[in-house]
Amino acid sequence: MGKSKDLASGAAYQDQTESDTRYVNTAGDTMTGALTVSGSNGELLNVSSTTGSELAVYVDGNEISFRADADNNNNDSVMTFDLDGSEKMRIDGLGRVTKPNQPCFLAVGNAGQTSFSSGAIINIVNEIFDKGSNFDTSNGRFTAPVAGAYFFSYAIYSYDAAKLFSIKINNNDYAPSDTHGLCTAHTTNSMTGTSTILNLAANDYVNVGFRGGHSGSVYINHCHFAGFLIG
């Protein structure tokens, strides 16, 4: 009889008839406890199937890489990351990364002639899409589901005396001491807008409106407001 080995302790048994729950049979077993794999630079761990698919873990100095080959064809392999039974991220054979639940939205509006008080919100509420259901069509707000960096843009077509619009965080003008995140609506038909990146805390909300101190009757038309989580 050949010797078997205890993978947890490294101890060898004299023959394979000796039973130990820590031993993994080549036909398949369940292990409990921690498994440590160590070695020098190169392939440390390889998980493969009888069809040739494999996932290997490599180490090179301070770099660790995961190498997947779904069907022994480097051109169409796909690696997915699933949580709670559904796909959260995918990397295809060309390196394209998709995240189907990444928060993002686009809303448009057609407000027409309206009288606005100082700092009033422009409700751009016609939703085109909203991944994550974080945009509220009743008030034009996007609420950050998690803390992170977010990209936002808006554009407003207007005709009136010069007015300043602003992206607002929690109903406050963004960077009110300068023109960052603000723009001017000129005295002739014009499309005006801006884009920016904001660091938000979870549950901060963002919308678009007049900068404080600017009010009046303004013809506003063909608006859009969009944003997404960068990371």
**Report entry** Stepwise ring-ring contact (aromatic ring centres under 6.0 Å, His included) check, Phe165 with Phe210
**Finding:** CA-CA 4 Å; Phe165 301 101; Phe210 279 77; 4.9 Å; yes

Run the side-chain contact (heavy atoms from CB on, under 4.5 Å) check on Val206 and Phe152 step by step: do they pass? CA-CA 9 Å; Val206 178; Phe152 291 97; 3.9 Å; yes

- Message: Between Leu200 and Ile169, is the side-chain contact (heavy atoms from CB on, under 4.5 Å) condition met? List the steps.
- Response: CA-CA 9 Å; Leu200 301 178; Ile169 304 175; 4.1 Å; yes

Problem set entry | Chi angles and distances behind the ring-ring contact (aromatic ring centres under 6.0 Å, His included) call for Phe225, Tyr154 | CA-CA 4 Å; Phe225 179 36; Tyr154 74 87; 7.2 Å; no

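Note that the CG atom of Leu55 and the CG atom of Asn46 stand 8.0 Å from one another [nearest 0.5 Å]. For the atom pair Ser133 OG and Glu127 CD, the distance stands at 7.5 Å (nearest 0.5 Å). Expressed to the nearest 0.5 Å, how far NZ of Lys88 lies from OG1 of Thr80 amounts to 11.5 Å. With values rounded to the nearest 0.5 angstrom, Leu106 atom CG is found 10.5 Å from Asn126 atom CG. Remark: Asp136 CG to Asn207 CG distance equals 10.0 Å, nearest 0.5 Å. Here the CZ-CD1 distance, from Phe151 to Ile230, works out to 7.5 Å after rounding to the nearest 0.5 Å.
Residues meeting the side-chain hydrogen bond (donor to acceptor under 3.5 Å, both in side chains) test with Ser38, sequence neighbours left out: none.
When side chains are defined from C-beta on, Lys131 does not count as touching Pro100, because their heavy atoms never get closer than 4.5 Å.
Under the side-chain contact (heavy atoms from CB on, under 4.5 Å) rule, Arg141 has a single partner from Ile121, Asn171, Asn123, which is Asn171. With respect to Asn134, the side-chain contact (heavy atoms from CB on, under 4.5 Å) criterion is satisfied by exactly one of Phe142, Tyr205, Phe105: Phe142.
In terms of hydrophobic clustering, with Ile, Leu, Val, Met, Phe, Trp and Tyr side chains grouped at heavy-atom distances under 4.5 Å, Tyr58 and Ile64 are assigned to different clusters. Leu83 and Met79 sit in two unconnected hydrophobic clusters of ILVMFWY residues. Membership requires side-chain heavy atoms under 4.5 Å apart, directly or through other members. Using a 4.5 Å cut-off between side-chain heavy atoms of Ile, Leu, Val, Met, Phe, Trp and Tyr, with links allowed through other members, Val208 and Val125 fall into different hydrophobic clusters.
Shown here for Ile124 and Gly109, the closest heavy-atom pair between the two residues is CG2-N, 3.6 Å. Between Asn41 and Gly61, the shortest heavy-atom contact is OD1-N, 3.1 Å. Leu229 and Gln102 get closest at one heavy-atom pair: O-NE2, 3.0 Å. Closest non-hydrogen pair, Ser40 versus Leu44, comes out as O-CD2, 3.7 Å. Smallest separation of non-hydrogen atoms from Ile156 and Cys223: CG2-SG, 4.1 Å. Residues Tyr174 and Ile197 come closest through the heavy atom pair OH-O, 4.0 Å.
Other residues, nucleotides and ligands place no more than 12 heavy atoms under 6.0 Å from the CZ atom of Phe66.
A donor-acceptor pair under 3.5 Å is formed between the side chain of Asp130 and the backbone N or O of Phe135.
Listed by first and then second residue, the ring-ring contact (aromatic ring centres under 6.0 Å, His included) pairs that reach into residues 77-103 come to none, sequence neighbours excluded.
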